[in-house]
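The sequence lines fix the lettering, A, B, ..., with proteins before strands; numbering per chain opens at 1.
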Amino acid sequence: MKGEAAKNSFFTKSLMNWHERDNTRDLPWKSEKDPYKIWLSEIILQQTRALQGLPYYLKFTEAFPTVKDMAACADEQAFRLWQGLGYYNRCKNMLATARFITDELDGHFPDKHEDILKLKGIGPYTAAAIASFAFGLPHAVVDGNVYRVLARYFGIETPFDTTEGKKLFAEKAQSLLNTSDSAGYNQAIMDLGATVCTPQTPKCGDCPLQRNCTAFHENTIALLPVKSKKTVVGTRFFHYLLLQTDDQIWIRKRTGKDIWQNLHEPFLLEYSEALNSNSLQALMNEKGLHFSTENMVYEGNLKQRLTHLLVETRFFGIKMKAPIKLPDNDGTWVSVKDLKNIAFPKTLVSFFEKKLYF
DNA sequence: AAAGCGGGGCT
DNA sequence: AGCCCAGCTTT
């Protein structure tokens, strides 16, 4: 085995050569020079696969060609465009940053790493990505791809989801950076992780780093990288009461520290287990929900699996002649035809589509 | 340091 | 069913 310095230089050189030779992923933000659009793409791509984020990137760049356009939009328009992409705080922070740049920086995206890092919704990864892609600054990105490639190539067994691990991988990545082409290097290492050094069944036969890859030679590919925490998946049971007149439905905006913040939903009753019509009515009586439920109809259920949560949702339709006042004062009656302009969680979008609400 | 936050693709 | 994705924020 070579010495550490040789192993490092082989890594960077081989990676760059591979990228120039075999770069096949053609994505619109790769050739982008506008810092605003690079920023937008990086926010969308946080914890999101490129192909999942792509249609959202196209929608947003069309709706908001400049940061000024985004800053001027109504919040609800942005959340509706973001609908289905998940991690909705990204959208909230994105709007705040667009307005900060427009109002405080005269529309000019900050071009120093430390200033970029201060923006809302931008952490170490995104700051390095924007700094290198938009401004050519020498900052190495560290994302899930980088953890995997580095852990395997160097045989690093330190868990990456710890303070120690994050520091170790960040320093290693920075030391490997080709500072004369930091953008190309960052693209290359992420592309390799996404297309060759994949989590399961990596294509080691196509890998330019195989000759010096520690995990390949020690047969530890499947064991690296090491993650210390296991995600625990719980279950929650939602029951939506679809309170409707002929052309209106009652909805509210979700607030508080919980999932789906800033999205909308019908009247929700959450319980520790799934309820049927009878037990649900008993619960409604307990809670003092005295509107007539004689026309309550079970309309089906949906299960949605999130990373840390399984949400089982049951839907109950309740028709009424006229809007009523609910104890939940934060909701409103809206016209069913207006639902197309309001953002909902994916499970509600699925239900509405199935029931032809929009 | 740990927990919380979506949705989807792949195996 | 488990893993993880161009991670960040809050506690």
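- Separating the C1' atom of B:dC5 from that of C:dC4 is a span of 15 Å, rounded to the nearest Å.
- Using a cut-off of 4.0 Å between Lys/Arg side-chain N and Asp/Glu carboxylate O, A:Glu76 and A:Arg80 are scored as not salt-bridged.
- Remark: A:Pro35 pairs with A:Phe109, A:Ala134, A:Phe135 by the side-chain contact (heavy atoms from CB on, under 4.5 Å) rule, at least two apart or across chains.
- The backbone N or O of A:Pro138 sits less than 3.5 Å from a side-chain atom of A:Gln174, completing a donor-acceptor pair.
- Atom CD1 in A:Ile43 sits about 16 Å away from atom P in B:dG6, given to the nearest Å.
- Using atom C1' as the reference point in both B:dG6 and C:dC5, the two lie 12 Å apart (nearest Å).
- Residues A:Leu85 and A:Asp161 both approach DNA chain B. Their nearest nucleotides, taken by heavy-atom distance, put A:Asp161 toward the 5′ side.
- Nearer the 5' end of DNA chain B, as judged by each residue's closest nucleotide, is the contact made by A:Arg236, out of A:Thr201 and A:Arg236.
- Under the ring-ring contact (aromatic ring centres under 6.0 Å, His included) criterion, the residue pairs touching residues 162-184 of chain A are A:Tyr147-A:Phe169, with sequence neighbours excluded.
- Regarding A:Ile44, its CD1 atom lies at a distance of 16 Å from the P atom of B:dG6, rounded to whole Å.
- Atom CG of A:Leu54 is separated from atom C1' of B:dG7 by 16 Å (rounded to the nearest Å).
- Residue A:Asn186 is out of contact with every strand shown, counting any heavy-atom pair closer than 4.0 Å.
- Take A:Pro323 and apply the side-chain contact (heavy atoms from CB on, under 4.5 Å) test, not counting sequence neighbours, and it matches A:Thr245, A:Gln248, A:Trp333.
- For the pair A:His308 and B:dG4, the criterion of a side-chain N or O lying under 4.0 Å from OP1 or OP2 is not met.
- With C1' as the reference atom, C:dT9 and B:dG8 are 23 Å apart, rounded to whole Å.
- Side-chain N/O atoms of A:Trp260 include one lying less than 4.0 angstrom from OP1 or OP2 on B:dG7.
- For B:dG9 and C:dC8, the C1' atoms lie 23 Å apart once the distance is rounded to whole Å.
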### Message
So if I define the base as every atom that isn't primed, P, OP1 or OP2, how would nucleotides 3-10 of chain C read as a B/S/- string at a heavy-atom cutoff under 4.0 Å?
### Response
BBBBBSS-
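- With rounding to whole Å, A:Leu51 atom CG is found 13 Å from B:dC10 atom C1'.
- The CG atom of A:Leu310 sits 13 Å away from the P atom of B:dG7 (whole-angstrom rounding).
- Using a 4.0 Å heavy-atom criterion, one finds that A:Gln261 contacts no nucleic acid atom at all.
- Residues satisfying the side-chain contact (heavy atoms from CB on, under 4.5 Å) test with A:Ser182, not counting sequence neighbours, are A:Ser132, A:Leu177.
- A search for side-chain contact (heavy atoms from CB on, under 4.5 Å) contacts involving A:Thr158 returns A:Ile156, A:Glu164, A:Leu168, not counting sequence neighbours.
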